[in-house]
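Notes for the one structure printed next.
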Amino acid sequence: MKILNKLMLITVVSLTFSCEDILEEDITNDIVKIQYPSEGVVVESNVAIFQWEPLKGADDYRLQVYTSNQFKVFDTLVNTNTTTLPLVQGTYQWRVRGENAAYESTYSFPVTFRVEESDDLTNQQVVLLSPSSTFATNQNTVTLSWENLSAADSYEVVVTNTTNGNIVFSQSNVTITNISLNSTNITGDGQYTWKVKAINSTTVTETAFSTRSFLVDTVVPNQTQNSLPANNAIQTINQTVNFSWIISTDSGIVQSAISYEIQIASDNNFTNVIQTSPTTGTSFQQSFASIGDRYWRVRAKDAAGNIGAYSAGFKLTIN
C-alpha cells in the first residue's frame, strides 16, 4: 500500500509540470553575448545588422532597440542570431535575450551605437514597404512602395513574372517611392517578383536590389464536399461533433493559401444561420447545448480573395 501511495504521489508531482518545462532547458540565468554593433560603433548606413552569439537552449531571440530618450522603436522576435533593421540617423541602444517555450534568459546589457547617413550607398539598403512578401491578390492592379532613402538621387525598379520569366516592368531614373502596376503589366496569374535599388549619381554608388514577391491568383477554389458527419446523422447533446470535408486542387497556375468557412443553421435554406466559423484546416469541432435539427455547409476561400461555392447542406439531428 505504501508503495502504491508513493507511485501515486510521483505521478501527481510529475503532472504539475508541463511537458515543455521538462523538455526545455532552463536559460533563466543565462545572458546572450552581443557581437555587433558593439559599444560606440558608428553604422554608416540606413540599416543596422545585429548579431549575437547563439545561446544554448534558446529557440528564439527577442531584440529591442531604443532611441537615446528610451523610446522603443523595435521589439521583434527572430529565430536566428542575426537580423537587419532599418534605422534613421541617430543614437540608439539595443539588447537581446533568448527564449524557449518555457523560459526566458536575462537581457544582455544595453549597448549604445550610432547610425549616420552617408552619400555612399554601397552598404545601404532600400526598405520595401508594400506589398508584403505574403501578399496575394485577384486583381490586376498593384502599387509597389518603399521607404525614401535620403542619399538616393533615383531608383531603378524591375518587375518580373517569375512563372514565365518575362520582365513586365522596368524603369530607371525613378524619383518617387511608389510605382503602380496595371493590366498592361499584370497580364495573368502567376508569381511576380519586384526589386528596387537606389542610385547616387554624385558618389557613383548604388545599393543592391531589394527583392520581394507577390501572387496573382484569379481562380476560384473548388466547391467543398462534406464528409462527416454524414447527411441525416444523429449526435448526442453536449458531445463534441467532428465535422470534416474534402476539396480537390484547383486548376490555376498558382494556388494561394486556402482557408474555410463553416456555416451552421437551423433550416435547410440557411436563412437562420446560427454560427459562421473560420478554420484553416479541413475539419472543425463543435458541441451543441440544445436538441434539434442543424444544417451545415462549408466553402473555401483563398488568400487572394477568391471564394468558392458552398457545399451541399447536410442535416444533423441533436438528441
Side-chain angles (χ1 to χ4, degrees), residues 8 10-25 59-60 62 76-79 99-104 132-138 215 217-252 254-319:
M8 291 178 64
I10 292 171
T11 302
V12 171
V13 170
S14 65
L15 289 175
T16 61
F17 297 93
S18 70
C19 292
E20 291 178 346
D21 291 334
I22 296 172
L23 298 175
E24 294 288 0
E25 184 171 344
D59 299 321
D60 301 294
R62 183 166 299 278
T76 184
L77 191 68
V78 298
N79 58 12
E99 298 183 5
N100 58 37
Y103 303 98
E104 299 170 349
S132 69
S133 57
T134 58
F135 180 73
T137 181
N138 56 11
L215 292 177
D217 178 9
T218 60
V219 177
V220 175
N222 288 319
Q223 185 179 28
T224 57
Q225 297 178 23
N226 297 351
S227 296
L228 294 173
N231 195 21
N232 297 312
I234 299 174
Q235 295 282 339
T236 305
I237 188 172
N238 291 325
Q239 288 194 347
T240 300
V241 180
N242 294 307
F243 298 91
S244 64
W245 53 91
I246 61 174
I247 185 174
S248 57
T249 304
D250 68 49
S251 58
V254 296
Q255 282 108 37
S256 54
I258 295 286
S259 62
Y260 302 92
E261 177 185 271
I262 180 170
Q263 273 194 346
I264 300 173
S266 60
D267 65 291
N268 60 359
N269 293 319
F270 288 85
T271 54
N272 183 26
V273 175
I274 300 170
Q275 178 179 332
T276 301
S277 300
T279 179
T280 55
T282 56
S283 63
F284 182 77
Q285 291 185 326
Q286 176 72 43
S287 61
F288 298 92
S290 61
I291 62 173
D293 292 336
R294 306 288 191 275
Y295 298 84
W296 67 282
R297 63 183 185 178
V298 183
R299 67 179 179 181
K301 299 180 177 182
D302 64 27
N306 303 299
I307 301 175
Y310 275 113
S311 61
F314 274 20
K315 180 181 178 181
L316 172 67
T317 299
I318 307 299
N319 284 340

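No hydrogens, no waters, no symmetry mates; every other heavy atom, side chains included, goes into these values.
For the side chain to side chain donor-acceptor pair (under 3.5 Å) with Thr271, the qualifying choice from Asn268, Asn269, Asp267 is Asp267, the only one to do so.
The shortest distance between side-chain heavy atoms of Val241 and Ser287 does not fall below 4.5 Å. Side-chain contact between Glu99 and Leu77 is present, with at least one heavy-atom pair separated by less than 4.5 Å. Annotation: side chain of Thr249 is in contact with side chain of Gln255 (closest heavy-atom distance under 4.5 Å). Considering only heavy atoms from C-beta on, Ser244 stays 4.5 Å or farther from Thr282 through its side chain. Proximity of Gln275 to Gln286: side-chain heavy atoms (C-beta onward) are separated by under 4.5 Å at one or more points.
Here Ser227 contributes atom OG and Ile247 contributes atom CD1; the two are 11.5 Å apart, rounded to the nearest 0.5 Å. The line from CG of Asn272 to OH of Tyr295 is 12.0 Å long, rounded to the nearest 0.5 Å. Put simply, CD1 on Ile264 and OG1 on Thr276 are 8.5 Å apart, with the number rounded to the nearest 0.5 Å. Interatomic distance, CD1 of Ile262 versus OG1 of Thr279, reported as 8.5 Å (0.5 Å rounding). Remark: Ser277 OG to Phe284 CZ distance equals 3.5 Å, nearest 0.5 Å. The CG atom of Leu316 sits 9.5 Å away from the CG atom of Asn231 when rounded to the nearest 0.5 Å.
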Test log, rule side-chain hydrogen bond (donor to acceptor under 3.5 Å, both in side chains), inputs Asn222 and Ser248:
CA-CA 6 Å; Asn222 288 319; Ser248 57; 3.1 Å; yes
Take Arg294 and Ile274 through the test side chain to side chain contact (heavy atoms under 4.5 Å, CB included) and record every step on the way to the result.
CA-CA 9 Å; Arg294 306 288 191 275; Ile274 300 170; 3.9 Å; yes
Could you go through Tyr103 and Glu24, starting from their C-alpha distance and side-chain angles, then the distance that decides it, and tell me whether this counts as side-chain hydrogen bond (donor to acceptor under 3.5 Å, both in side chains)?
CA-CA 8 Å; Tyr103 303 98; Glu24 294 288 0; over 6 Å; no
Working note: Ile237 + Asn319, criterion side chain to side chain contact (heavy atoms under 4.5 Å, CB included); need CA distance, chi angles, decisive distance, verdict.
CA-CA 6 Å; Ile237 188 172; Asn319 284 340; over 6 Å; no
Show your reasoning for whether side chain to side chain contact (heavy atoms under 4.5 Å, CB included) applies to Phe288 and Gln235.
CA-CA 9 Å; Phe288 298 92; Gln235 295 282 339; over 6 Å; no
Determine, step by step, whether Asp60 and Asn79 satisfy the side-chain hydrogen bond (donor to acceptor under 3.5 Å, both in side chains) criterion, reporting the C-alpha distance in whole Å, the side-chain angles of both residues, the deciding distance to 0.1 Å, and the verdict.
CA-CA 4 Å; Asp60 301 294; Asn79 58 12; 5.0 Å; no
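Not counting sequence neighbours, the partners of Arg299 by the salt bridge (Lys or Arg N to Asp or Glu O under 4.0 Å) test are Glu261. In terms of the salt bridge (Lys or Arg N to Asp or Glu O under 4.0 Å) criterion, residue partners of Asp293 (sequence neighbours excluded) are, by chain and number, Lys315.
Between Asp217 and Asn138, the closest heavy-atom pair is O-CB, 3.2 Å. Residues Ala303 and Ser256 approach most closely at N-OG, 3.5 Å, considering heavy atoms.
Side-chain contact annotation: Asn100 with Glu25, donor-acceptor N/O pair under 3.5 Å absent.
Counting only distance, with no hydrogens or angles, the side chain of Thr224 and the backbone of Val298 share a donor-acceptor pair below 3.5 Å. Looking at Asn226, its side chain does come within 3.5 Å of a backbone N or O of Ala312 through a donor-acceptor pair. Using modelled atom types, no side-chain atom of Asp302 and backbone atom of Ser259 make a donor-acceptor pair closer than 3.5 Å.
With a 6.0 Å cutoff to the six-membered ring centre and a 45° limit on the axis angle, Arg297 counts as a cation-pi contact of Phe270.
Within a 6.0 Å radius of CD1 in Ile291, other residues, nucleotides and ligands contribute 12 heavy atoms or fewer.
Residue pairs satisfying the ring pair (Phe, Tyr, Trp, His ring centres under 6.0 Å) criterion with at least one member in residues 227-248, sequence neighbours excluded, are listed as follows: Phe243-Trp296, Trp245-Tyr260.
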